[in-house]
Amino acid sequence: MVGVVERYFGGRVKRWTHYDEEGFAFGFPSLVEVDIVVSDKGHILMEIKSSVSRADVYEFWKMGQLYGRIRGVKPRLAIVSSSVRKEAKKLAKKLGVDVYTSL
């Protein structure tokens with residue numbers, strides 16, 4: 001999957017990890033991990049899941065907000081999944097999260 005993502009979005013896929021002491025992303029201190037593609041086009045945070053709910057979209061969006069605060073760069077957010085619930089698609093659109101799905 002990494003090869004497909006790198007070809008489609010350009011750049012290289014890396015893993016970004018950050019210990020969120022203030023609990024910004026999840027409401028309590030925790031380790032935040034997300035895949036990121038960095039290229040000359042910018043920073044793209046990627047979430048690849050078999051299915052996506054509204055909660056998944058919101059959680060991913062919060063991770064994107066945290067990344068922006070820490071790195072000083074507003075990332076593009078993209079979710080890749082074979083199954084995305086209707087409510088999740090609506091929320092993703094509202095929050096500016098790109099969704100790539102077969103359905």
Side-chain angles (χ1 to χ4, degrees):
M1 196 64 165
V2 170
V4 171
V5 169
E6 287 179 343
R7 239 178 286 130
Y8 186 81
F9 290 99
R12 292 206 28 95
V13 174
K14 298 178 182 179
R15 190 84 170 152
W16 182 70
T17 58
H18 173 76
Y19 187 74
D20 178 16
E21 291 179 14
E22 67 177 296
F24 178 82
F26 300 117
F28 55 89
S30 61
L31 184 64
V32 174
E33 298 180 272
V34 66
D35 292 323
I36 181 166
V37 177
V38 178
S39 72
D40 56 351
K41 297 176 186 175
H43 297 221
I44 305 168
L45 270 59
M46 301 288 306
E47 185 72 35
I48 301 170
K49 296 185 68 118
S50 58
S51 66
V52 177
S53 68
R54 276 178 48 121
D56 294 325
V57 172
Y58 184 72
E59 181 178 284
F60 182 58
W61 180 79
K62 288 292 282 188
M63 285 190 270
Q65 297 296 303
L66 178 65
Y67 181 88
R69 289 175 63 182
I70 300 299
R71 302 291 284 222
V73 175
K74 182 178 180 182
R76 180 174 155 203
L77 304 176
I79 294 176
V80 178
S81 177
S82 60
S83 176
V84 181
R85 294 184 177 168
K86 185 187 285 188
E87 320 84 58
K89 284 181 184 179
K90 287 180 184 177
L91 181 59
K93 185 174 183 172
K94 182 177 180 178
L95 296 177
V97 176
D98 296 329
V99 175
Y100 298 88
T101 185
S102 59
L103 302 174

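Computed from a predicted structure; not experimentally measured.
Nearest heavy atoms, Ala88 versus Val57: O-CG2, 3.7 Å. Closest of all the heavy-atom pairs between Gly64 and Pro75 is O-CG, 3.7 Å.
Atoms NZ and CZ, from Lys86 and Arg54 in turn, are 13.5 Å apart once rounded to the nearest 0.5 Å. To the nearest 0.5 Å, atom OG1 of residue Thr101 and atom CZ of residue Arg85 are 13.0 Å apart. Expressed to the nearest 0.5 Å, how far CZ of Arg15 lies from CD1 of Ile36 amounts to 11.5 Å. The NE2 atom of His18 sits 9.0 Å away from the CG atom of Leu31 when rounded to the nearest 0.5 Å.
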Could you walk me through whether Arg69 and Glu22 pass the side chain to side chain contact (heavy atoms under 4.5 Å, CB included) test, one step at a time? CA-CA 12 Å; Arg69 289 175 63 182; Glu22 67 177 296; 3.1 Å; yes
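A 4.5 Å side-chain heavy-atom check between Asp56 and Glu47 finds every atom pair outside the cut-off.
Under the 4.5 Å side-chain heavy-atom criterion for ILVMFWY residues, no single connected hydrophobic cluster contains both Tyr19 and Met63. Placement of Val73 and Leu66 in two distinct hydrophobic clusters is found when ILVMFWY residues are connected by side-chain heavy-atom separations under 4.5 Å, directly or transitively. Both Trp61 and Ile70 belong to a single network of hydrophobic side chains, linked directly or stepwise wherever heavy atoms of I, L, V, M, F, W or Y lie under 4.5 Å apart. Put simply, Phe26 and Leu45 are part of the same group of oily side chains (I, L, V, M, F, W, Y) that touch within less than 4.5 Å, one to the next.
Listed by chain and number, the residues in a side-chain hydrogen bond (donor to acceptor under 3.5 Å, both in side chains) with Ser30 amount to none (sequence neighbours excluded).
Pairs of residues two or more places apart, or lying in two chains, that qualify as ring pair (Phe, Tyr, Trp, His ring centres under 6.0 Å) and include a residue from residues 65-89 are Trp16-Tyr67, His43-Tyr67.
More than 12 heavy-atom neighbours from other residues, nucleotides or ligands sit within 6.0 angstrom of CZ on Phe24. Atom CD of Glu33 sits in a crowded spot, with more than 12 heavy atoms from other residues, nucleotides or ligands closer than 6.0 Å.
Judged purely by atom type and a 3.5 angstrom limit, Ser81 uses its side chain to pair as donor or acceptor with the backbone of Lys49. Counting only distance, with no hydrogens or angles, the side chain of Asp20 and the backbone of Ala25 share a donor-acceptor pair below 3.5 Å.
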